[in-house]
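This report refers to the structure that appears directly beneath it.
It should be emphasised that the depicted structure is a prediction, and the values quoted were computed from it without experimental measurement.
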Amino acid sequence: MRKAFISPTKYVQGEDELLNLGYFVTTFGKKALLIAHADDVSRVKDKLDKTAETFNISFVESNFHGEASRVEVARLQKVAEENECDCVIGLGGGKAIDTAKCVAEGHNLIIVPTIVATDAPTSHSAVLYTEDGQFDDYAYFVQSPSVVLIDTVVIANAPTRFLVSGMGDALSTYFEARATHNSYSNVNAGLPCGAREGVCPPAKGTNTALALAKLCYETILEDGLKAKEASDNNVVTPALENIIEANILLSGLGFESAGLAAIHAIHDGLTVLHDAHGATHGEKVAFSTICQLVLENAPKAELYEVLDFALSIGLPVCLADLGVKEISDAELTEVAEKSCIPEESIYSMPFPITVDQVKAAIIVADKIGKEYKNKN
């Protein structure tokens, strides 16, 4: 059996860690293309200026347009070439990070998240959009980022909703990893590039990745609420540090090297609902986690444990929490059909999947979540 595990070369997090960013730039050279939204740059400008001075490096401003599109990637690759940049830095949220991955094409890449809303920073993949923000394609690279660097003070001062959303994303990691493991399905870590399919054979997940996914779940249960309280008060505590690591490192390694299953597929289906567009990725994933547990007939104790956790930190447990007050049968069918397209991860579940099963799971998960919320 061929197995695979993929990870960043270096992961570092700590208070005021941005002051060390210049050091990591010097491992590649003296000049870095900084891909970041102007608002994110202004939040950390003092630290960027200080680390540039301390380590005698320079940042080439990119004037990032805010969308991870092919046009923007081509423009920034030209900027990097013209300025002879030695590395690329993606600083900010998902769009800046994914754009940086595409510009660097997996080489000499430093990722600096300013929020921990998803587990994407550690991965060797990115999502591309059109210029007007519509989904375009997935991109895969030869390797993961060279460095993932997280300043916990910056995270503590970001809106708490992002931290909670990241826990919603991390909540899914163990359950999808378990399903993938039980079905002997392939994982994303096996193929360094989609174009190489057929040349490089697929791979299964490792026991290491499954263990990390389980630790991710245990960590957010133990420290999630305490971390939320720290974020509410804009302070760094051991619990917040643990959740930052869970949201980014444990969940990131878990999803990529241990696998995705029904949860992220149902999330993708929910994106067709206009009323759910105000919900974040992690918020939709949290509700989709309940859907997968219903789909696999998980033990009642496990289901209630997830519901209790979600409610304790303010994650959605029903469709209304996502902004979907009503859903027609036609809309529900569309959600389920999108969840079940051939390319989706739902086929990593350890049993056959049908559109009707997914529809039923969403209906029941919504009812259970609503009733449990009202009781508590």
Do [X] and [Y] have side-chain atoms, one donor and one acceptor, less than 3.5 Å apart?
X	Y	value
S165	E283	no
K228	T160	no
E256	H124	yes
H264	D169	yes
N186	K204	yes
T173	S251	yes
S123	K101	yes
Y304	E302	no
T130	D132	yes
N20	E17	yes
Y140	N188	no

So which of L295, I362, V294 actually passes side chain to side chain contact (heavy atoms under 4.5 Å, CB included) with Q357? L295

For C85, run the side chain to side chain contact (heavy atoms under 4.5 Å, CB included) check against N108, L76, V25, V60 and tell me which one passes.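 The single option meeting the side chain to side chain contact (heavy atoms under 4.5 Å, CB included) with C85 is V60.
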
Between [X] and [Y], is there a donor-acceptor pair closer than 3.5 Å when you use the side chain of the first and the backbone of the second?
X	Y	answer
N234	A156	yes
T54	K50	yes
N297	L293	no

Could you check whether E334 pairs with K338 (Lys NZ or Arg NE/NH1/NH2 to Asp/Glu carboxylate O, under 4.0 Å)? no

What I want to find out is whether K95 reaches E67 closely enough, with some N-O distance under 4.0 Å, to be called a salt bridge. yes

Determine whether D321 and K370 satisfy the following criterion, salt bridge (charged side-chain N to carboxylate O under 4.0 Å, His left out), listing intermediate values before the conclusion. CA-CA 9 Å; D321 290 345; K370 248 189 256 181; over 6 Å; no

L212 and C216: CA distance, side-chain angles, deciding distance, side-chain contact (heavy atoms from CB on, under 4.5 Å) verdict: CA-CA 6 Å; L212 292 174; C216 179; over 6 Å; no

Check the angle between the aromatic planes of Y217 and Y174 and answer parallel, tilted or perpendicular using the 30° and 60° thresholds. parallel

